[in-house]
Amino acid sequence: MAVGGDLEGAEAVAGEPLVLASTSPQRRAILEQLRIPFVVVAPGYEELGDDPVEHAAGKARSVEGGGRVVLGVDTDVFLDGRRLGKAPDSAAAGEMLAALSGRVHEVVSGLCLRGPRWEELHRVATEVSFRALGAADIDRYVLSGEWKGRAGGYAIQRLGAALVDRIAGDYLNVVGLPAALLVTLLADRFPGRYGFG
């Protein structure tokens, strides 16, 4: 069973792979972990606005699935209802971490699963509590470079785990893909096809 690659190589995949409308290595790793076959097609969608559900739909709709199921996901961090996005530089990453220090924030993902004649849109939120961070904690993390390209300026699955006190909800959603929801949707809509249901 192949677990990645480009759409052109889809015929080599056993079964019917999902089309992942994302180039995120985190999303690829989660699908591989769950043994869900997939191929990757980079979405042709420009993210405007703050709604992860809208972005997930835009990504999925921008990709031609060739009759396959298309998966689009967008994940972001919200503090007091304000979207943090990705830090453009190390100073902004430090400011984000200082703002998150000792507080609870939400990691929100939009998920779009679509076929040739149907589409499902969903929103998943996971609450993440950061421990109180000192200046040395923030400096150490910023120096690691892990914040680059990460919503909220951190990656929970790596050194960023040391920033977190607790979470409530789907851990893999914080990594970048709401896996519990995806498994449920696949089990309900395609019993047995992807190994669930």
Side-chain angles (χ1 to χ4, degrees), residues 3-5 7 10 13 15-79 81-86 105-128 149-152 154-157 167-197:
V3 290
L7 190 58
V13 179
E16 185 174 283
L18 294 175
V19 175
L20 176 62
S22 172
T23 57
S24 162
Q26 291 76 35
R27 294 187 183 117
R28 291 175 73 142
I30 292 169
L31 291 176
E32 289 170 356
Q33 175 183 337
L34 298 174
R35 297 185 180 175
I36 297 173
F38 68 96
V39 293
V40 172
V41 178
Y45 172 75
E46 183 179 353
E47 295 181 16
L48 299 173
D50 295 343
D51 184 1
V53 176
E54 182 180 309
H55 295 326
K59 290 176 182 180
R61 293 169 187 163
S62 74
V63 166
E64 174 52 53
R68 294 181 178 92
V69 177
V70 177
L71 172 64
V73 180
D74 185 70
T75 303
D76 216 323
V77 171
F78 291 81
L79 179 64
R82 181 176 63 91
R83 175 181 172 267
L84 296 188
K86 297 174 183 174
H105 61 275
E106 276 194 322
V107 178
V108 178
S109 288
L111 183 148
C112 178
L113 198 64
R114 61 183 291 267
R117 291 175 296 280
W118 57 271
E119 180 177 275
E120 292 195 43
L121 295 173
H122 299 271
R123 179 185 187 275
V124 175
T126 302
E127 284 191 352
V128 180
R150 310 289 186 167
Y154 74 98
I156 195 171
Q157 70 274 27
I167 71 168
D170 184 349
Y171 167 80
L172 289 176
N173 183 47
V174 183
V175 178
L177 194 158
L181 171 63
L182 177 61
V183 166
T184 298
L185 295 175
L186 293 176
D188 289 348
R189 191 172 275 275
F190 308 104
R193 181 188 296 181
Y194 296 100
F196 312 108

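Index from 1, following the sequence. Given the structure is predicted, the values throughout are model-derived calculations rather than measurements.
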Smallest separation among heavy atoms of His55 and Leu48, with atom names: CE1-O, 2.9 Å
Atom CG of Asp50 and atom CD of Glu54: how far apart are they, to the nearest 0.5 Å? 9.5 Å
Within the side chain of Arg28, is there an N or O that forms a donor-acceptor pair under 3.5 Å with the backbone of Thr23? no
Nearest 0.5 Å, please: how far is CZ in Arg61 from CD in Glu119? 4.0 Å
Do Glu16 and Arg193 meet the salt-bridge criterion of a basic N to acidic O distance under 4.0 Å? yes
Spell out, as yes or no, whether a donor-acceptor pair under 3.5 Å connects the side chain of Thr126 to the backbone of Gly169. no
Looking at side-chain heavy atoms only, is the closest gap between Leu18 and Leu186 below 4.5 Å? yes
Value rounded to 0.5 Å, distance of CG in Leu111 from CD in Glu120: 9.0 Å
Nearest non-hydrogen partners of Gly67 and Glu64, listed with the distance: N-OE2, 4.4 Å
So does Gly85 get a backbone contact from the side chain of Asp76, meaning a donor-acceptor N/O pair under 3.5 Å? yes
Would you please test Val39 and Val19 for side-chain contact (heavy atoms from CB on, under 4.5 Å) and show each step? CA-CA 5 Å; Val39 293; Val19 175; 3.9 Å; yes
Here the gap from Glu106 atom CD to Phe78 atom CZ, rounded to the nearest 0.5 Å, amounts to 8.5 Å
For Pro52 and Ser109 the tightest heavy-atom approach is CB-C, 4.1 Å
What's the spacing between Phe38 CZ and Arg68 CZ if we round to 0.5 Å? 13.5 Å
Checking Asp170 side chain against Ala180 main chain: does a donor-acceptor pair fall under 3.5 Å? yes
Distance check, rounded to the nearest 0.5 Å: Ile36 atom CD1 versus Leu182 atom CG? 4.5 Å
Check whether Lys86 reaches the backbone of Gly152 with its side chain - one donor and one acceptor, N or O, closer than 3.5 Å. no
Restricting to non-hydrogen atoms, name the atom on Val63 and the atom on Pro43 that form the minimum distance, rounded to 0.1 Å. CG2-CA, 3.9 Å
Would Leu172 and Gln33 satisfy side-chain contact (heavy atoms from CB on, under 4.5 Å), going step by step from the backbone distance to the final call? CA-CA 11 Å; Leu172 289 176; Gln33 175 183 337; 4.2 Å; yes
What is the ring orientation for Phe190 with Trp118, classed by angle as parallel under 30°, tilted 30 to 60°, or perpendicular over 60°? tilted
Which of these, Leu34, Val183, Val69, Leu185, sits in a side-chain contact (heavy atoms from CB on, under 4.5 Å) with Tyr194? Val69
Minimum heavy-atom separation for Gln26 to Val175, with atom names? CB-O, 3.7 Å
May I ask you to test the Arg27-Val40 pair for a side-chain heavy-atom distance under 4.5 Å? no
Would His105 and Glu127 count as a side-chain contact (heavy atoms from CB on, under 4.5 Å) if you check the C-alpha gap in whole Å, the side-chain angles of each, and the deciding distance to 0.1 Å? CA-CA 6 Å; His105 61 275; Glu127 284 191 352; over 6 Å; no
Should Ile167 and Val107 be marked as a side-chain contact (heavy atoms from CB on, under 4.5 Å) after you check the CA-CA gap, both sets of side-chain angles, and the distance that decides it? CA-CA 10 Å; Ile167 71 168; Val107 178; over 6 Å; no
Can you see which heavy atom on Val108 is nearest to which on Ala125, and at what distance? CG2-CB, 4.1 Å
